[in-house]
Amino acid sequence: MKVGVIGLGTISRYFLDAIAADDAVTLAAVCDLDPARLAGFTGSGVATFTDARDLLDAGVVTAVVITLPNDLHAEVAHAALSRGIAVCCEKPLTVDPADARALARTAAEHAAVLFTAFHRRYNRNLLDLAAALPPRAQIARVTARYHENIGEHTGGEGWYLDPARCGGGCLIDNGPNALDAVRLLVGDLTLVDATIGDVRGGAEHCAELDLRAGEVPVRVELDWALPTGEVKDVRVDLRDGTSRTADLLAGHPGFKASLAHEYRGILTAFREAVEAGPGAPDPGPALVEVVAEAYRVARAKETRPRMRAKADADARMVALMFHSRDDRGMVLAPWESRCVPAGQVHELVTTADRPGRPGDRVDRVGFLGFAEFTAATVLQRGDEVWTATGRRIGTVAGFDECHFPNHYNVLVAADTVLTAADLDLRVGDAVRFRPGSG
């Protein structure tokens, strides 16, 4: 098989090493925009190109490996497939699900092999875990972790942190490998929920996905923000209470050392797929769909983990109250948050009730008194309420409007009903509202 490698960035060297180790594969051509990267192939008999279409039209390859930035995958893969040239494309296959579906159609129309390079499915430790698993009915839960410091993995290529080129952040970069590793163990995945956070310049640095494989719940945790090092593992909890784990890095000391055997596995599987001809559909498009759906769900959420959404709010007690009741009859208002201009005064009321829906009755209450807010702020359900001495009173459960428009009753969910006397509050004491932790 005569192969061309399109894109000579960080990942290409693992493919080049794999090609050199496979006697059935010949490196026939390479392509990159940077002449300096091509210089190393001068005099080697390998054709060099700065335009992918020139390589595809030269007639020197029967297959190509695409290791370009994510936003270029679809265009170059389509050009190759439409010429009947087999394609092995780095994950994700594409950024847009519509492009992935179009590539699958093009591959079918031209009887060309389309193959997404999910390197973790060739990891020896993962394969050992897969071979040792009992039937899926005995699996209680699967958790995959893919944690690293992205700054250690880019190889100086800035496109990883450019959402316009990468398609996002850790979800689209590490997500496909983690998802495919789980899929290898338990089969096709359906998204249940997704969250992204620690967004920097539009690229999320953490993400959590909840999925199902049939009746098996799956959790995928992604992180680009470790201080250093990496964690890549999959744990399978069984219904008998035991667990089995594959540490994908174990036995491969050294930075990215596990990739050598994984990329050899990719190349072997790709070559065998080309030799066999078009057959089973490539899983790449399906995982592009899962990632896109995860972004749709996560981006619709108002909160972003590990991101400070608002400043602390300070208030000072201007009047104290010392009584409690168990029949107050307050009603939870529908508002998740309220804007508070500087200088407004509102009543702080603790409650041991747990109102959750608008209209819920609040009877068990203790009165702290009235607090003046020293600067404009937004109070929100879930905000933590603290005294100046560092005692956590509780969290904002919501608002009661029985005295509005004079003031709101700010309902503070506490473990027990508390009054100003219980907290030893004094007129002029500070109370701080901190954004909740999630």
Side-chain angles (χ1 to χ4, degrees), residues 195 197 301-438:
T195 301
K301 292 183 176 180
E302 293 185 12
T303 58
R304 294 287 183 271
R306 297 186 350 203
M307 298 184 74
R308 186 173 175 84
K310 64 187 182 79
D312 293 350
D314 290 316
R316 64 182 186 90
M317 302 303 300
V318 295
L320 303 179
M321 302 172 75
F322 307 104
H323 65 295
S324 60
R325 291 177 58 175
D326 59 11
D327 61 349
R328 178 59 180 81
M330 293 183 182
V331 176
L332 186 67
W335 323 120
E336 292 282 339
S337 62
R338 295 283 80 188
C339 293
V340 179
Q344 276 199 354
V345 175
H346 295 288
E347 189 173 351
L348 306 186
V349 181
T350 66
T351 178
D353 292 338
R354 291 293 181 265
R357 295 178 299 179
D360 280 357
R361 184 180 172 100
V362 180
D363 283 317
R364 295 181 299 162
V365 299
F367 296 88
L368 301 183
F370 292 85
E372 178 188 10
F373 287 82
T374 57
T377 189
V378 175
L379 294 184
Q380 190 167 351
R381 287 184 188 172
D383 284 352
E384 298 180 351
V385 187
W386 294 75
T387 68
T389 59
R391 177 171 176 176
R392 184 179 183 276
I393 302 172
T395 60
V396 174
F399 309 90
D400 167 77
E401 299 179 312
C402 66
H403 297 299
F404 187 79
N406 186 59
H407 66 270
Y408 287 108
N409 292 321
V410 181
L411 303 174
V412 180
D415 292 334
T416 60
V417 167
L418 299 169
T419 70
D422 297 317
L423 294 172
D424 198 27
L425 290 177
R426 297 289 186 267
V427 171
D429 279 357
V431 176
R432 172 159 288 188
F433 295 77
R434 298 174 179 170
S437 58

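Numbering of residues begins at 1 and proceeds along the displayed sequence. All values derive from a computational prediction rather than experimental measurement.
- Nearest approach of A397 to P355, heavy atoms of both residues: CB-CG, 4.2 Å.
- You'll find the side chain of L379 stays beyond 4.5 Å of the side chain of S337, heavy atoms only.
- Atom CZ of residue R426 and atom CE of residue M317 lie 12.0 Å apart, to the nearest 0.5 angstrom.
- Considering only residues two or more places apart in sequence or on other chains, D326 meets the salt bridge (Lys or Arg N to Asp or Glu O under 4.0 Å) condition with none of them.
- A search for side chain to side chain donor-acceptor pair (under 3.5 Å) contacts involving K310 returns D383, not counting sequence neighbours.
- In this structure, the side chain to side chain donor-acceptor pair (under 3.5 Å) partners of E347, at least two apart in sequence or on a different chain, are H407.
- Under a 3.5 Å cut-off, the side chain of T350 and the backbone N or O of L418 do form a donor-acceptor pair.
- Residues passing the side chain to side chain donor-acceptor pair (under 3.5 Å) test with N406: none are found, sequence neighbours excluded.
- In this structure, the side chains of V362 and R328 stay at 4.5 Å or more apart for every pair of heavy atoms.
- Under the side-chain contact (heavy atoms from CB on, under 4.5 Å) criterion, R392 pairs with E384, W386, T395, sequence neighbours left out.
- Of all heavy-atom pairs between G398 and L332, the closest is CA-CD1, 3.7 Å.
- The side-chain contact (heavy atoms from CB on, under 4.5 Å) search around R338 returns W335, F399, Y408, not counting sequence neighbours.
- The list of salt bridge (charged side-chain N to carboxylate O under 4.0 Å, His left out) pairs with a residue in residues 393-419, not counting sequence neighbours, is empty.
- Residues satisfying the side chain to side chain donor-acceptor pair (under 3.5 Å) test with T387, not counting sequence neighbours, are T389.
- Expressed to the nearest 0.5 Å, how far CG of L348 lies from CD1 of I393 amounts to 7.5 Å.
- Listed by first and then second residue, the salt bridge (charged side-chain N to carboxylate O under 4.0 Å, His left out) pairs that reach into residues 348-360 are D353-R364, sequence neighbours excluded.
- Considering every non-hydrogen atom in both A333 and R381, the closest pair reads O-NH2, 2.9 Å.
- Between V427 and L320 the shortest heavy-atom distance is N-CD1, 3.7 Å.
- The side-chain contact (heavy atoms from CB on, under 4.5 Å) search around A421 returns F322, T419, not counting sequence neighbours.
- Atom-to-atom distance recorded for N409:CG and M330:CE is 4.0 Å, nearest 0.5 angstrom.
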Atom pairs and distances, donor-acceptor, side-chain atoms in residues 367-378, under 3.5 Å, two or more places apart:
from : atom 1 : to   : atom 2 : distance (Å)
E372 : OE1    : R316 : NE     : 3.3
E372 : OE1    : R316 : NH2    : 3.0
T374 : OG1    : D314 : O      : 3.2

